[in-house]
Amino acid sequence: HTAIDHLRRQNAYRKTLDYNAEADQEVENDSLSKLESEDLFRLIQQLPPATRSVFSLYVLDGYKHREIAEILGIDEGTSKWYLFCARKELQQLVKKYYQTRR
């Protein structure tokens, strides 16, 4: 807390940022734009069933972890863990997908 208080007292720290300007800029993700939606869904289908269920409910359907936990009968922390695993495994699957497409 002492370090944070010190930073807050510094004049350089009091600079204001225009967050709206950053939000207006469009971000282009080349790898995902090249990946067809059908291919992405095929990669999602390769996830283990529980991991795929949590990923789909959270990312595709927009449920919160508390709701997913109730739907699947698991703890909220377990839902978060499955989502972490799903993202990690999907990253590996996308890398592998691009390596085989070269």
Side-chain angles (χ1 to χ4, degrees):
H1 291 284
T2 304
I4 293 171
D5 290 339
H6 175 71
L7 286 174
R8 287 182 180 153
R9 283 188 225 115
Q10 301 298 316
N11 287 333
Y13 181 76
R14 294 184 184 178
K15 292 181 184 177
T16 58
L17 297 174
D18 185 11
Y19 292 105
N20 293 331
E22 294 175 17
D24 292 339
Q25 297 175 1
E26 191 171 316
V27 176
E28 180 71 24
N29 187 342
D30 291 334
S31 62
L32 285 181
S33 63
K34 294 176 186 173
L35 185 64
E36 296 290 327
S37 59
E38 294 172 4
D39 294 328
L40 183 58
F41 281 113
R42 269 191 232 111
L43 294 176
I44 292 170
Q45 292 300 318
Q46 293 179 25
L47 295 173
T51 305
R52 181 177 60 239
S53 297
V54 170
F55 181 83
S56 296
L57 288 169
Y58 187 85
V59 174
L60 303 176
D61 298 330
Y63 285 97
K64 301 199 179 308
H65 286 292
R66 180 180 32 81
E67 298 168 320
I68 296 170
E70 291 174 12
I71 292 169
L72 299 179
I74 58 176
D75 290 332
E76 188 174 340
T78 304
S79 174
K80 292 176 183 180
W81 181 78
Y82 277 128
L83 180 63
F84 171 79
C85 291
R87 287 179 172 167
K88 188 176 178 181
E89 192 163 340
L90 267 177
Q91 286 176 348
Q92 293 172 351
L93 289 171
V94 168
K95 284 179 186 177
K96 187 176 175 182
Y97 172 83
Y98 281 116
Q99 288 173 351
T100 59
R101 304 276 297 186
R102 287 184 183 181

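- Clustering ILVMFWY residues whenever any of their side-chain heavy atoms sit less than 4.5 angstrom apart, transitively, puts Trp81 in the very cluster that holds Val59.
- Rounding to the nearest 0.5 Å gives a distance of 12.0 Å between CG of Leu43 and CD of Gln92.
- Rounding to the nearest 0.5 Å gives a distance of 10.0 Å between CD of Glu76 and CD of Glu67.
- Counting heavy atoms from C-beta on, the side chains of Tyr82 and Leu47 never come closer than 4.5 Å.
- A search for side-chain contact (heavy atoms from CB on, under 4.5 Å) contacts involving Asp75 returns Thr78, not counting sequence neighbours.
- Put simply, CG on Leu83 and OG on Ser53 are 12.5 Å apart, with the number rounded to the nearest 0.5 Å.
- Between Ile74 and Val54 the shortest side-chain heavy-atom distance falls below 4.5 Å.
- Here the closest heavy-atom approach between residue Arg52 and residue Ile44 is recorded as CD-O, 3.4 Å.
- Rounded to the nearest 0.5 angstrom, Glu38 CD and Arg42 CZ are separated by 6.0 Å.
- For Tyr58, the ring-ring contact (aromatic ring centres under 6.0 Å, His included) criterion is met by His65, not counting sequence neighbours.
- At a threshold of 4.5 Å between side-chain heavy atoms, the hydrophobic network of Ile, Leu, Val, Met, Phe, Trp and Tyr places Leu60 and Phe84 in two separate groups.
- Leu90 CG to Tyr97 OH: the interatomic distance, rounded to the nearest 0.5 Å, is 13.5 Å.
- Thr51 approaches Cys85 most closely through the heavy-atom pair CG2-C, 4.2 Å.
- Here the straight-line distance linking atom CD of Glu70 with atom NZ of Lys64 works out to 13.0 Å at 0.5 Å rounding.
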